[in-house]
**Q** 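Got a structure here, written out as structure tokens. Questions coming.
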2 protein chains.
Amino acid sequence: MPATIKDVARMAGCSIKTVSRVINGEPYVSEETRARVQAAIRAVGYAPNISARRLAQNKSFMICILLYPGLLQPSSAILSRVMDIGYEENYDILIQPYFPTHSRSKRKLVSLISEQHIDGFVTTPPCDAEDFVADLLGTYKVPLVQINPFHRSDTIPFVAGDDVLGARQVTEHLLSLGHRRIAFLMGPRNMRASFDRLAGYQNALLAAGLPIDPTLIRDSEFTFDGGYTATRLLMDLPSPPTAIFAGNDEAAYGVIFAAHEIGLRIPDQLSICGYDDFAMSKNIWPGLTTVHQPLEEMIESATRALIRILKGEALDSNQIILPSALVLRGSTAPPPR
Amino acid sequence: MPATIKDVARMAGCSIKTVSRVINGEPYVSEETRARVQAAIRAVGYAPNISARRLAQNKSFMICILLYPGLLQPSSAILSRVMDIGYEENYDILIQPYFPTHSRSKRKLVSLISEQHIDGFVTTPPCDAEDFVADLLGTYKVPLVQINPFHRSDTIPFVAGDDVLGARQVTEHLLSLGHRRIAFLMGPRNMRASFDRLAGYQNALLAAGLPIDPTLIRDSEFTFDGGYTATRLLMDLPSPPTAIFAGNDEAAYGVIFAAHEIGLRIPDQLSICGYDDFAMSKNIWPGLTTVHQPLEEMIESATRALIRILKGEALDSNQIILPSALVLRGSTAPPPR
DNA sequence: TTTGTGATTGACAACGTTGTCAGTTTGGAA
DNA sequence: TTCCAAACTGACAACGTTGTCAATCACAAA
């Protein structure tokens, strides 16, 4: 039975309302009273009961991040960073795994909104692929900030990277090394990144005056297995590519594995690029040339934007685009002569 | 303004208490009334307000998992599994990053207990290394289940693997391949696994009648950098090891990287073993020989045990030991002649 | 002196549940 | 028929906060 506001009030010799004012930093409390109340709070070891506060204010002080477990590999560092923000701002951050098309996920989401009254959401791809989430949050009028959303909306704030540009830079890097047959591994159709990166790849080829060879474009679903299978097929072609741009890092790991299995030396016989710069990409051998996506910053700024909205502050812009950067490591080199 | 229990009661033509009985599946409601209430619930789209329920029952229906962000790499699959259990059992699962020795972590933990009234905790190494957590939970009388705890307690339930056995099996595997100079990379001093794995390594050597060479035992802190640095030093020895047992997978990644950098072929010139079987270990080349630790099952059974405790049910045993298994992949082979 | 204004304070309702307890109904045994 | 226990039901308090509003106080201006 922890101390309540009443215990504090009794000890400080004032009303519970005055204690409440002190706790919430409201004005109209004399310095003397404030000091007395604060002393009483310390004396009885008082901590406000969050459930009561939530009930009285009809707010939950909770933010939920919808995360698709398959992709995104949320390094714990990211989660930790987000929790810190929550700590500063007095919000609790709830990490919720979410599978689109999965009915249990949907029910859980409904319960988070209707029972827990979560104050706001951050979504990550491909959780936004169907309109279910946005529609649901729309009908319940729960604020939402999206990360790399499928559809960029004028009304829903989002944080994103420039995947067209990043993919173009990767491709130009490979072109500048002398590669002419560059394969591209396409991601799932429910993520915007898949299309944007494909566009960047194609833009670079066209700008270089090269044809787009459909046999060099394969599906990987952004998975290890997808990258592996695509590579086995690609390298069996009569004239195989000299470089594979894997669409994302996880697929690239599959490409690397397949290349090793086939007995190809990386990067001498096959250059490989990824996209995303997962933590592991600098730890494998050879280091993976990729595009660093500032996932931590993205989640952080999405969360901060959401909190601003919840506090009723205006955002500078509904669209936050963060820069990505090509990271050159050991997995790319000029093609074999 | 969502529907409340009053709206349901009005529509069903009964008291709010009767609605409450129906919601909670309590007895003493006639079938006819029950049906009418349920119809009303559906009609108004009622969902109970969790904050009010928490306040009235002085319970949070929340479980918190303390996770050290550096290690453990909680694959999202694990988190997802745990959330599912929570869903089944009507508990919300809070994932809380926790750094021992980090004062903010401690304050957050205190707030989780005293403000949020979290019903129970699951700890993972090395969050339990100091006694702070156990003491705190003890004084607040909050139930706790530990995973791979530093001290195995008779009173605090825990789930663990048999690291001594696992490490012994790894070492015996290397011995059976013919290795005689096997290095061991020690983990941090605040994790039981570090000592248990060292013991398994030493037991196997002693059982084979081999001496324990202290120059072959190095610190890695279970990190990539630690594994990398230790390997550079080890391979500079006048008579370097022919195999390195890296203590955990993350350190093993560092060993592999260093070996490649030195120009050693794996496994022909150097055999490498890890421990833990992180998801990536089967995706790198060559696949890493390691010990599979059933992390998902461990977190699952710890969570289930905690929920049983919270429900007042007795545990079959306070000590749950789950089997680990040696996984042979491509990173080990007989030593060079 | 009176008046007004802003600072300070507290009584009480409200938030949406569940717990307590007393009242009513039902059905079967005496 | 009467009585009793069990089944059913609801009024109301309680949980620990915050919001509303009225009351009081202090002090300066009129």
Side-chain angles (χ1 to χ4, degrees), chain A residues 1-38 40-41 44-62 90 92 111 113-119 311-312, chain B residues 1-38 40-41 44-62 90 92 111 113-119:
Chain A
M1 51 234 68
T4 76
I5 202 171
K6 280 185 198 163
D7 301 318
V8 177
R10 196 177 316 118
M11 164 156 283
C14 65
S15 73
I16 58 171
K17 182 63 209 186
T18 299
V19 177
S20 172
R21 288 198 180 93
V22 172
I23 296 165
N24 295 291
E26 289 171 26
Y28 301 141
V29 179
S30 71
E31 269 320 308
E32 187 234 329
T33 311
R34 193 178 296 273
R36 222 171 54 240
V37 168
Q38 272 157 350
I41 288 175
V44 302
Y46 168 75
N49 179 314
I50 294 224
S51 297
R53 182 177 277 178
R54 284 177 179 150
L55 179 60
Q57 305 203 132
N58 193 28
K59 286 180 59 180
S60 66
F61 306 101
M62 280 205 211
N90 263 307
D92 283 299
S111 122
I113 300 171
S114 61
E115 298 181 19
Q116 306 244 22
H117 301 278
I118 300 289
D119 290 338
K311 287 183 170 174
Chain B
M1 49 237 68
T4 76
I5 202 170
K6 281 186 196 161
D7 302 318
V8 176
R10 195 177 316 118
M11 166 157 282
C14 64
S15 74
I16 59 170
K17 182 64 212 187
T18 299
V19 177
S20 173
R21 288 198 181 92
V22 173
I23 296 166
N24 295 291
E26 288 171 27
Y28 301 142
V29 180
S30 70
E31 269 320 308
E32 187 235 328
T33 310
R34 193 179 294 274
R36 219 171 56 239
V37 168
Q38 271 157 351
I41 288 175
V44 303
Y46 168 75
N49 179 315
I50 295 224
S51 297
R53 181 177 276 177
R54 283 178 179 150
L55 179 60
Q57 305 204 129
N58 193 28
K59 285 180 59 182
S60 67
F61 306 101
M62 280 205 212
N90 262 308
D92 283 300
S111 122
I113 299 171
S114 61
E115 298 181 20
Q116 306 246 21
H117 301 278
I118 298 289
D119 290 338

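Per chain, numbering begins at 1; letters A, B, ... match sequence-line order.
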**Q** Quick check on C:dG10: is either OP1 or OP2 less than 4.0 Å from any side-chain nitrogen or oxygen of A:T18?
**A**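 Yes, within the criterion.
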**Q** Starting at atom CG of A:N90, determine the distance to atom P of D:dT18, rounded to an integer number of angstrom.
**A** 12 Å
**Q** Is B:Q57 close enough to D:dC15 that one of its side-chain N or O atoms is under 4.0 Å from OP1 or OP2 there?
**A** no
**Q** What heavy-atom pair brings A:R54 and B:S51 nearest, and what distance separates the two atoms?
**A**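 The answer is CB-OG, 3.3 Å.
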**Q** Figure out the CG/P separation between A:L55 and C:dA13, and round it to whole Å.
**A**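 Interatomic distance, CG of A:L55 to P of C:dA13: 17 Å.
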**Q** Nearest heavy atom decides the nucleotide; on that basis, is A:V19 or B:G13 closer to the 5' end of DNA chain D?
**A**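 Comparing both residues, the 5'-ward one is B:G13.
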**Q** Between B:Y28 and C:dT26, is there a side-chain N or O to OP1/OP2 distance below 4.0 Å?
**A**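 Looking at the OP1 and OP2 atoms of C:dT26, neither is under 4.0 Å from any side-chain N or O of B:Y28.
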**Q** So how far is it from B:D119 CG to B:F61 CZ, rounded to the nearest 0.5 Å?
**A**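 Reported value, rounded in 0.5 Å steps: 7.0 Å.
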**Q** Could you state the NZ-C1' distance from A:K17 to C:dC12, rounded to the nearest angstrom?
**A** 11 Å
**Q** Does A:N49 place a side-chain N or O at less than 4.0 Å from the phosphate oxygens OP1/OP2 of D:dC15?
**A** no
**Q** B:D92 versus A:Q116: any side-chain heavy-atom pair under 4.5 Å?
**A** yes
**Q** Heavy-atom distance under 4.5 Å between the side chains of B:I23 and B:R53, does that happen here?
**A** yes
**Q** Between C1' on D:dT17 and CG on A:N24, what's the gap in Å once rounded to a whole number?
**A**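 Spelled out: CG on A:N24 to C1' on D:dT17 is 9 Å.
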**Q** Nearest heavy-atom pair of B:E115 and A:A47: which atoms, and what distance?
**A** CG-CB, 3.7 Å
**Q** Look at B:T4 and C:dG16 and indicate whether a side-chain polar atom (N or O) is within less than 4.0 Å of OP1 or OP2.
**A** no
**Q** Find the distance A:R54:CZ to C:dG16:P and express it as a whole number of Å.
**A** 16 Å
**Q** Heavy-atom nearest nucleotide on DNA chain D for A:Y46 versus B:E31: which residue maps closer to 5'?
**A**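 Closer to the 5' end of DNA chain D: B:E31.
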**Q** Using a 4.0 Å heavy-atom cut-off, does A:I16 contact any base of the nucleic acid, only the sugar-phosphate backbone, or nothing at all?
**A** base
**Q** For B:A47, answer base if it contacts any base atom (sugar-phosphate contacts may also be present), sugar-phosphate if it contacts only those atoms, and nothing otherwise; contact means non-hydrogen atoms under 4.0 Å.
**A** sugar-phosphate
**Q** Take atom NZ of A:K59 as the centre, draw a 6.0 Å sphere, and report whether it contains more than 12 heavy atoms from other residues, nucleotides or ligands.
**A**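 Yes, because the 6.0 Å sphere around NZ of A:K59 holds more than 12 heavy atoms from other groups.
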**Q** Find the distance A:K59:NZ to D:dT17:C1' and express it as a whole number of Å.
**A**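 Result: 14 Å.
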**Q** Could you give the CZ-to-C1' distance, from B:R21 to C:dC21, as a whole number of Å?
**A**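 These atoms are roughly 11 Å apart.
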**Q** Relative to the 5' end of DNA chain C, which residue comes earlier, A:A52 or A:E32, by the nucleotide with the nearest heavy atom?
**A** A:E32
**Q** Distance check: side-chain N/O of B:S20 vs OP1/OP2 of C:dT18, anything under 4.0 Å?
**A** yes
**Q** Whole angstrom is fine here: how far is it from NZ in A:K6 over to P in C:dC12?
**A** 13 Å
**Q** Side chain of B:S15 only, please: which of C:dG19, D:dG10, C:dT8 is the nearest?
**A** D:dG10
**Q** Base, sugar-phosphate, or nothing: which does A:T33 touch, judged by heavy atoms less than 4.0 Å apart?
**A**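 Here A:T33 touches the backbone only, sparing every base.
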**Q** Which nucleotide sits closest to the side chain of B:C14: C:dT17, D:dG10, D:dT17?
**A**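 Shortest atom-to-atom distance from the side chain points to D:dG10.
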